[in-house]
Structure formats: structure tokens, C-alpha cells
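All ligand and atom numbering here is 1-based and tracks the order in the structure.
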Amino acid sequence: MDYSIHSRVHRIPSFDTLSCSVWIKRDDELGFGISGTKLRKYHSLIPHLIRERYDLVSVLGGANSNNVLGLSQLLVENRIPFKLYLKGNPNRPLQGNGMVTFLIAGQHRIRWLSSQEWPEAGELALRENTGRVFVVPEGASCPQALEGTLTLFQDIKQNEKEAKVHFDHIFIDAGTGFTAQVLAQQLEGSCQVHVVCMADPVVAFPSSVIIYRPRLAPSFGSVNTAVMNEIRRMASHEGVLLDPIYTAKLFYEARHVIKEKQLQGNCLIIHSGGALTLLGFTHST
Ligand SMILES: *Cc1c(COP(=O)(O)O)cnc(C)c1O
């Protein structure tokens, strides 16, 4: 098994209750420009892309996607020819992730798609290009990302050993749900997994998983004052930065569920990173 991707865990006492000690897993520390769970996916996806020498790699996603932003960096670095198929309006000023993605990929590698064209994105990416094309689906949730994703479970086991603790509850956020599904399957029976779904998952979770929709700004990508307040709270109480799209909603949900359900034992919340997303919202509140 591959132990090469390791992030630490530490306590976040402002989340504790009388019956529960709360920990955070710092997958956000795995990379500056690439969020943690994505870095794990790329650990097997990028070697595949290098090995197969495709004529073109087409990456599908929203203009502010953490996956598009993260993968673009590694595609440039590895001299892999690529094109981004982005859902969005090219006339809207880019900020946050979108701005950084533009910086990395450049205009010539971006193909904008309207919401009417979007359902056909995968087809278009194949039809509009010649040669061997590899289409990376939204969230890079593809079989070639599985091996890398498996490292999260191994790493948590390593954390338990090092910290001499057993996690009774684990909270994780989900976009496509790929990462959470893989983790939940591996953890099945050894702890209770709680998944907070930011969008409609494209996978099915094991029946033992408890699934939530975030009560803060539940529609994907939406941000309000309460989300910004959670970011502020976490920054000032724990010195940890959250992003408004995924992790602020995850930590808010976890904090309240731990209290309301009076969870017992040790609880781990996985911080998957994505602080660059924060840049898009600094002026909005
Ligand atoms: C991409 C991403 C997710 C979602 O991962 P999935 O495997 O698609 O569920 C969750 N959190 C953060 C911070 C992400 O960047």
C-alpha cells in the first residue's frame, strides 16, 4: 500500500462537547494550489495520463471548480496537451478559482459551454478533437483516480496509530461523492461515516452512511453571511482557513450534528482544502 501522501490530525477544542473529542485531518496542507482529496486522485490519474500519451486531455467542470484548477497545474507541468470544457459565462469577470485557472490554462485552452450545451460536454470533447482523447469527468471521479483515493483510508489508519486514538465518527464532504464512497466502503463496520453532500452525488453510498445536505446555503456554490461567519469563527478560534463552497458548510454541519446527536467518543472531520476558492468571495460580504 502507498503511504506517500500523509497529512496530520490535531484537536479542535472549540468543537468538543462533554461526550466528544473533535479532531481535524489536514488534507488542506497537502498542497498550496491543489485541494487535498484532488491531490490523492491525481496520484494515480496523472501517472496514467503520462503513460498513455493521449493526443489530448479534456477536462470538464465549472469555471470555479477545484478540480479544473488543480489538474490544470499538473497538466501544464507534465507537458500534457489539454483543453478545458468549462460551464459558465465567458463575459462574467473571473475571480477566485476561475481567475487562477485562466492564469494557468490561458484563453486558448478554454472552451466555454452554455448551460444548454453542458449536458453534451463529454460528447463535444470527443467530437471536436481528433486522435486519442481522454475526457476527465467532473471532479476527476474516474476509475483511474481510484488507486490514489484509496490512500485516504490508509492515511487515517496511520493517524490513528500515531495519535493512539480510534475515530468513532468521521465527517467528510462530497461533490460527486467519489472520495466519500471509497472511504466509507473501506471504513464500513469500524466507525460511523457522516457525509455532507454539497451537490447531488453521482455515486451510491453504503447504507450505513448518514447523509446530510448542508443547512447553510444548501445549493451548490451559493454563499451567504452565515457561511462567511463560519469561516470567521474557525479562523479566529482554531487558526484554520475554510473555503466557502465545501469546508465551511461541512464544519458547520459537523459542529451542530455533534451537539444535537450527542455523539460519543472521538470524531474526525476531514478538511479537504481549497482555500483559493476563498479569493472569489473576499469582497462579497
Ligand atoms: C472536489 C472537492 C470535494 C468533492 O470530492 P468528490 O470526490 O467529488 O466528492 C470535496 N471537498 C473539496 C474541498 C473539494 O475540492
To the nearest 0.1 Å, how far is [atom] from its closest protein heavy atom, and which atom is that?
| atom | value |
| --- | --- |
| atom 14 (C) of ligand 1 | Lys38 NZ, 2.9 Å |
| atom 4 (C) of ligand 1 | Gly175 N, 3.3 Å |
| atom 8 (O) of ligand 1 | Thr176 OG1, 2.6 Å |

Judged by non-hydrogen atoms, does [X] sit under 4.0 Å from ligand 1?
| X | result |
| --- | --- |
| Asp173 | yes |
| Gly177 | yes |
| Met198 | no |

Out of Ala275, Ala174, Gly273, Cys197, who is nearest to atom 13 (C) of ligand 1 when you count heavy atoms only?
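Ranked by closest heavy atom to atom 13 (C) of ligand 1, first place is Gly273.
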With heavy atoms and a 4.0 Å threshold, my read on which part of Thr179 contacts ligand 1 is both
What part of Phe178, side chain from CB on, backbone N/CA/C/O, both or neither, has a heavy atom under 4.0 Å from ligand 1?
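Both backbone and side chain of Phe178 come within 4.0 Å of ligand 1.
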Min side-chain heavy-atom separation Gln158-Gln154 under 4.5 Å
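The answer is no; the side chains never approach within 4.5 Å.
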Can you tell if the side chain of Leu45 reaches within under 4.5 Å of the side chain of Cys142, non-hydrogen atoms only?
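Side chain of Leu45 against side chain of Cys142, heavy atoms only: contact under 4.5 Å found.
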Have a look at Thr37 and tell me which of Asp173, Thr179, Leu183 forms a side chain to side chain contact (heavy atoms under 4.5 Å, CB included) with it.
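Exactly one option meets the side chain to side chain contact (heavy atoms under 4.5 Å, CB included) with Thr37, and it is Thr179.
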Partner of Ser58 under side chain to side chain contact (heavy atoms under 4.5 Å, CB included), chosen from Asn129, Val136, Leu124:
Asn129
Do the ring planes of Tyr54 and Phe134 sit parallel (below 30°), tilted (30 to 60°) or perpendicular (above 60°)?
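Aromatic pair Tyr54/Phe134 classed tilted.
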Would the distance check show the side chain of His43 and the main-chain N or O of Leu39 forming a donor-acceptor pair, the cut-off being under 3.5 Å?
no
Expected output: side-chain Glu230 to main-chain Ala226 donor-acceptor under 3.5 Å:
no
Test of proximity, [X] against ligand 1: N or O pairs below 3.5 Å:
| X | answer |
| --- | --- |
| Lys41 | yes |
| Gly274 | no |
| Asn66 | yes |

As an exercise, identify every atom of ligand 1 less than 4.0 angstrom from a heavy atom of Ser35.
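Counting atoms of ligand 1 from 1, those under 4.0 Å from Ser35 are 15 (O).
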Salt bridge present between Asp200 and Arg213 (N-O < 4.0 angstrom):
yes
Do Gln73 and Glu77 pair up side chain to side chain, a donor and an acceptor below 3.5 Å, judged on atom types alone?
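Judged by distance alone, the side chains do not pair up.
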